[in-house]
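Chain letters run A, B, ... following the sequence lines, proteins first, then strands; residues in each count from 1.
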2 protein chains.
Amino acid sequence: MVVTIKDIAEKVGVSVTTISRVLNNRGYLSDNLKKKVQEAMEELNYQPNEVARSLSRKKSNVFGLIIPDISHPFFGQITKHIEYYAYKNGYKLMLCNSLLNKKKEKEYIELLRASQVDGIIMGSHTMKVEEYMAIKLPLVTLDRRISDTIPYVSSDNYRGGALATKLLLRKRCKKIAYLSGSLQLNLLAKQRHDAFMDQVRGQQIEYVVRQTDLNGFKYREYEPMVRELFQEHPDIDGVFASSDLLALQIIRESRRLGKLIPEELKVVGYDGIQIGGAEDLTTIEQPMQEMGKLAVSRLLQQIGGEETPLETVLPVKLLERGTT
Amino acid sequence: MVVTIKDIAEKVGVSVTTISRVLNNRGYLSDNLKKKVQEAMEELNYQPNEVARSLSRKKSNVFGLIIPDISHPFFGQITKHIEYYAYKNGYKLMLCNSLLNKKKEKEYIELLRASQVDGIIMGSHTMKVEEYMAIKLPLVTLDRRISDTIPYVSSDNYRGGALATKLLLRKRCKKIAYLSGSLQLNLLAKQRHDAFMDQVRGQQIEYVVRQTDLNGFKYREYEPMVRELFQEHPDIDGVFASSDLLALQIIRESRRLGKLIPEELKVVGYDGIQIGGAEDLTTIEQPMQEMGKLAVSRLLQQIGGEETPLETVLPVKLLERGTT
DNA sequence: TTGTAAGCGTTATCAT
DNA sequence: ATGATAACGCTTACAA
């Protein structure tokens, strides 16, 4: 049998209440008692049952994290930081990969509520606004403005888009393309596109916009899009890709075509993923560590009953490297 | 207040036992009753409390996953698959990033036990053998043979090492290097090195072995090691890197030095990560999906009281691509 | 300073 | 077929 608080109580010869007090360091306790209890715990190798605690306290110290795909470097990195700060604050993390599957996302949300998690960080969203509003749990989204009541943490997408586009203009590109994953999926990343358009319109420059309608993260499938782009527009000399992974695909394709980078083609990515192969890529770096930290702290604020600002927009940084 | 089984019972006019029965579909229940209960649940928007269930059933339906770093593509990908199969079997996943920090790993193990998880998948190991043996919980390790009682899932590291090395020999390399992260950390990956040595010894070929003593995943710090290697041995014409990330670093450095790949230098990586930039890399692919699947199923076996084989070694595959 | 007892929301064991 | 009631392991008023 597993050792419980009751066994400790019997061994020491006090009530369970007292043991619980020692455990939580509440109330007045003689040092002698404390010591005896500690010893008994050691001896019996006692471990508190967090499930029982959660039930009793109505608090689980668990956060749910719902993202599309943990194997995507952007989410992998941000998750790393979220875990770091959650752990630091005494919270565990339940990992939920939605794969942008509506049913799975919904099931996970229900599962998280049923599991009495103390808060949810959403980096995925495929359901209707009302369904998120109905969650009634501390909630924060990553890079997604779902409604004007659900707090979100993002980086400055518009500025990122502007920085990237301006760089290409400054480098005297004559015909530039904006490439992105599905725009619908991510409202805020759409601002990169808006910024691109604002920079490009009215300028003496040709431009092309392309987006996948993949509702997924099948990076492999970026390839045909990129190939097609260059077939239709072989004279493109600048590309702003809305993710580093996409940018890498472009670089790969242009190598195949024998286009020299940056001489004949300049490429700017987005995210700032720290992965071999992306290290020479000029890109817009999102402050992933800060984003993770703030996502956690927005949740903690809500749990603590504090006011939480609707928007938390963090600055991005242009990393000018080898591909421009 | 939150709706409980009791509220449903009152509304329907039966006992909580009956509601619980409906919930778990146990025993004999009239269809009429079932329907009425279902309706009441819908109406009151009832959600079972998993914490209470776990306490009562002594089963949480949660697995703990301890890995060094979720932002490393290898672990990101394998985690994706683990999550997939866990979910499919009704288990949630608690994500624990150890950062190869002994204290954190130990704390997490305790936390997982306290949280009554039903099993642990360990992809990290920094503690002493006995400490793992003392876990007394369904356990499976990834790519780590800790003792001969703890089941592990891995791919065939020796064969992977042999395949990679043989390829370089077949391609007529004259001087090849084996590069790896810290060998101590990962007993099984060490077999890649053994295989390398077995292939290379007694052949008419020069070879060099280098390993970081980084006890971490600071990929950035691979750079100096790689640079140094080429300074000391500018005549190397083949490299077997024990991870794709390391291989990418080598490719990067050789570009800088103006060495042509594969003409002047051939590079073989390891892992088969699916990341832009690694797509042209010749590498040894680990069957990550199968590994994730089997890690989960080994845990399920243990939970089900079945015999679990000590070792599960899956085949690797040589992907011959652009860098050889 | 310590103890009694109720309560957290479910499940499980007997009854009936 | 359905119900009482104890039990899961812990916390927390309220007492003493």
Contact class for [X] vs. all strands (heavy atom < 4.0 Å): base, sugar-phosphate, or nothing?
X       : answer
A:Ser30 : sugar-phosphate
B:Gln47 : sugar-phosphate
A:Leu33 : sugar-phosphate
A:Thr18 : sugar-phosphate

Select one nucleotide: of [options], the one nearest the side-chain heavy atoms of [X].
X       : options                : result
A:Thr17 : C:dA5, C:dT10, D:dC8   : C:dA5
A:Arg26 : C:dT13, D:dT12, C:dT11 : D:dT12
A:Asn24 : D:dT11, D:dA4, C:dT11  : D:dT11
B:Arg53 : D:dG9, C:dT10, C:dT4   : C:dT10
B:Ser15 : D:dA4, C:dG3, D:dT12   : D:dA4
B:Lys58 : C:dG9, D:dC8, D:dC10   : D:dC8

* Is any side-chain N or O of B:Arg21 under 3.5 Å from a base N or O of D:dG3, one able to act as donor and the other as acceptor? ->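 Answer is yes: a donor-acceptor pair is held.
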* What about A:Ser56: does its side chain form a donor-acceptor pair under 3.5 Å with the base of C:dG7? ->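 Under the 3.5 Å cut-off, the side chain and the base do form a donor-acceptor pair.
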* Got a second to check how far B:Asn45's CG is from A:Arg113's CZ, nearest 0.5 Å? ->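 Here the interatomic distance stands at 7.0 Å.
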* Round to a whole Å and report the spacing from CE of A:Met41 to C1' of D:dG9. =>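 Those two atoms, CE and C1', are 13 Å apart.
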* To do: For atom OH of A:Tyr87, decide whether the heavy atoms of other residues, nucleotides or ligands shown that lie under 6.0 angstrom number more than 12.
  =>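 Yes, OH of A:Tyr87 has more than 12 neighbouring heavy atoms, counting only those of other groups under 6.0 Å.
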* Answer yes or no: does atom NZ of B:Lys59 have more than 12 heavy-atom neighbours from other residues, nucleotides or ligands under 6.0 Å? =>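 More than 12 within 6.0 Å, yes.
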* Asked: When you match A:Arg57 and B:Val16 each to their closest nucleotide on DNA chain D, which lands nearer the 5' end?
  ->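 Nearest nucleotide further toward 5': that of B:Val16.
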